[in-house]
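What follows is a set of notes on a single structure, which appears directly below.
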Amino acid sequence: MDFMHKARTRLALVVSLLSLAACGVSPTEPETYYKPANTYSSLPAHADTQHVSESMLSALRERNLTATTGFHVLPYRSGRCKASLLYSVTPANMSGLFLNGKDLFSGAYLVLSYNDGDWELTNSRSRTSTIKSISAEDAIEDNLEALRQYELYVRLSGNLDEDALEDLTEIFVEYGMTMPAVIVANSRYHKLIKQSALSSSRLYFDAPAAIEGASFIASTPQQNDVDLIYSYSGSSASDNTLQLKNVILESNFNKACNAKGTFVSQPKLNLLAKKRFSDEELVLGLPADADFNQLPVQHKLIAQGKYLNWLGENKAYTLSEKNKDKCLEKNATQDVLARCAARKRDADSVMQDEKVVFGW
């Protein structure tokens, strides 16, 4: 009996001590609950899932578009543009190199000029630009990480010689870069380049000749701030046809992606049938050639029966079904096929008249 009394006393003492110890410890505050953000695993890397609503991203996706930081509307995927995109690296856009839509590009395009023993990065549209050139070496060093991710298309100008090409090669070697995938240069430098360390690069020249595999750079009247790389394909000069290979752009994705035909899908809504509509409904109802980066402007114009296209023009707003291309119909008549062939020849003739650089 005495033994049991002592055991109960010891147990009570232990419980008391534990209670006192517990009172001396502050309770842990529960962590603040934050609703987990949607991951949008199916969206491209350049989509802004933090600041653009899920409903807006969904509406844009239906038109083959998405929105990136600052609500810049870009193609949903690079494949939507129907031609691979090259980013034109210029002195004016170095600070924003590949920041928006970097996963859309397959390569970078640089125009390098050799002047007084130094290589300089110049504006790709030097005939219309007054922006001063900058050191090519500094430009490459400052953007090394970004440039290493892409194939480089380098256009060379100036009086080239062995020393000039050796200096250019040293810049690439010094910063651990591979040689350019493509070099655009005057045809008289063909042999010189092929005998240099740049011999692994594919060469485009300015001597026009419709031969199989030849490539040239051109621009269209409505898109004179976008360069296009075309190539001839065919078994003979008489059988050659033009194929758009690359689009070179500085900033305007809409102009670039529409170079080979409108890439935005047809509208889903008739906005004129609604008195009020949301931004998402506006995205779904704008015509395929609209400027989707100007939604506040588009709201005002639609009220007037107009909209703004990507060329900056105000056009009448109408909603029509997508016209079928009769040239692609299986049962097209001989008369229709003849007109289609004539239309294609006219288009090819226009492009051939606008050659700027050509080569193979």
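None of the values given here were measured: they were computed from a predicted structure.
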(Q) Pair L104, L74 - check side chain to side chain contact (heavy atoms under 4.5 Å, CB included), show working. (A) CA-CA 9 Å; L104 292 172; L74 303 179; 4.1 Å; yes

**Q.** Derivation of the side chain to side chain contact (heavy atoms under 4.5 Å, CB included) call for Y76 and L43
**A.** CA-CA 8 Å; Y76 186 78; L43 289 176; 3.7 Å; yes

Q: Decide yes or no on side chain to side chain contact (heavy atoms under 4.5 Å, CB included) for D291 and L286, but give the supporting numbers first.
A: CA-CA 9 Å; D291 186 346; L286 284 172; over 6 Å; no

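Rounded to the nearest 0.5 angstrom, L198 CG and L160 CG are separated by 10.0 Å. Distance check, rounded to the nearest 0.5 Å: CD of E280 to OG of S55 gives 3.5 Å. Expressed to the nearest 0.5 Å, how far CD1 of I183 lies from CG of L165 amounts to 7.5 Å. Going from atom CZ of R61 over to atom OG1 of T66 covers 9.0 Å, rounded to the nearest 0.5 Å. Rounded to the nearest 0.5 Å, atoms OG1 (T318) and CG (L272) are 8.5 Å apart. Annotation: the span from I140 atom CD1 to R148 atom CZ amounts to 11.0 Å, rounded to 0.5 Å.
Contact detail for H299 and S278: the closest heavy-atom pair is CE1-O, 4.1 Å. Scanning both residues, T178 and F172, for their nearest heavy atoms gives O-CD2, 3.5 Å. Taking each heavy atom of A288 and Q266 in turn, the nearest pair found is CB-NE2, 4.0 Å. Shown here for A139 and I134, the closest heavy-atom pair between the two residues is CB-CD1, 4.0 Å. Closest heavy-atom contact between P287 and Y317: CD-CE1, 3.6 Å. When every heavy atom of A197 is checked against every heavy atom of T169, the shortest pair comes out as CB-CG2, 3.5 Å.
F292 and L308 sit in two unconnected hydrophobic clusters of ILVMFWY residues. Membership requires side-chain heavy atoms under 4.5 Å apart, directly or through other members. Linking Ile, Leu, Val, Met, Phe, Trp and Tyr residues whenever their side-chain heavy atoms come within less than 4.5 Å places F277 and F71 in a single cluster. Neither L282 nor V297 shares a network with the other; the hydrophobic side chains, linked directly or stepwise wherever heavy atoms of I, L, V, M, F, W or Y lie under 4.5 Å apart, form separate groups for each. When hydrophobic clusters are built by joining Ile, Leu, Val, Met, Phe, Trp and Tyr residues whose side-chain heavy atoms come closer than 4.5 Å, directly or via intermediates, L152 is grouped together with Y87.
Judged by distance alone, with hydrogens and angles left aside, the side-chain atoms of N143 form no donor-acceptor pair with the main-chain N or O of L147 at under 3.5 Å. Using a distance-only test at 3.5 Å, with no hydrogens or angles considered, a donor-acceptor pair links the side chain of D48 to the main chain of H51. A donor-acceptor contact shorter than 3.5 Å links the side chain of S201 to the backbone of P180. Judged by distance alone, with hydrogens and angles left aside, the side-chain atoms of S106 form a donor-acceptor pair with the main-chain N or O of L85 at under 3.5 Å.
Counted by atom type alone, T90 and S88 present zero donor-acceptor pairs between their side chains at under 3.5 Å.
Screening T68, L65, V264, L295 against V73 for a side-chain contact (heavy atoms from CB on, under 4.5 Å) leaves a single residue, L65.
Looking at heavy atoms from C-beta onward, S135 lies out of side-chain contact with L121 at the 4.5 angstrom threshold. Considering only heavy atoms from C-beta on, M179 comes within 4.5 Å of V173 through its side chain. Considering only heavy atoms from C-beta on, E137 stays 4.5 Å or farther from D118 through its side chain. Side-chain atoms of N314 and Q304, non-hydrogen and from C-beta on, never get closer than 4.5 Å to each other. Residues Y189 and L192 are in side-chain contact: their nearest non-hydrogen atoms beyond the backbone lie under 4.5 Å apart. Inter-residue side-chain proximity for L110 and R155 is flagged as unmet; no heavy-atom pair is nearer than 4.5 Å. No side-chain heavy atom of V154 sits under 4.5 Å from any side-chain heavy atom of V182. Annotation: side chain of V283 is in contact with side chain of R63 (closest heavy-atom distance under 4.5 Å).
Listed by first then second residue, pairs satisfying salt bridge (Lys or Arg N to Asp or Glu O under 4.0 Å) with a partner in residues 266-277 read K274-E281, not counting sequence neighbours.
The environment of K300 atom NZ is sparse: at most 12 non-hydrogen atoms of other residues, nucleotides or ligands sit within 6.0 angstrom.
Taking Y114 as the reference, W119 meet the ring-ring contact (aromatic ring centres under 6.0 Å, His included) condition, with sequence neighbours excluded.
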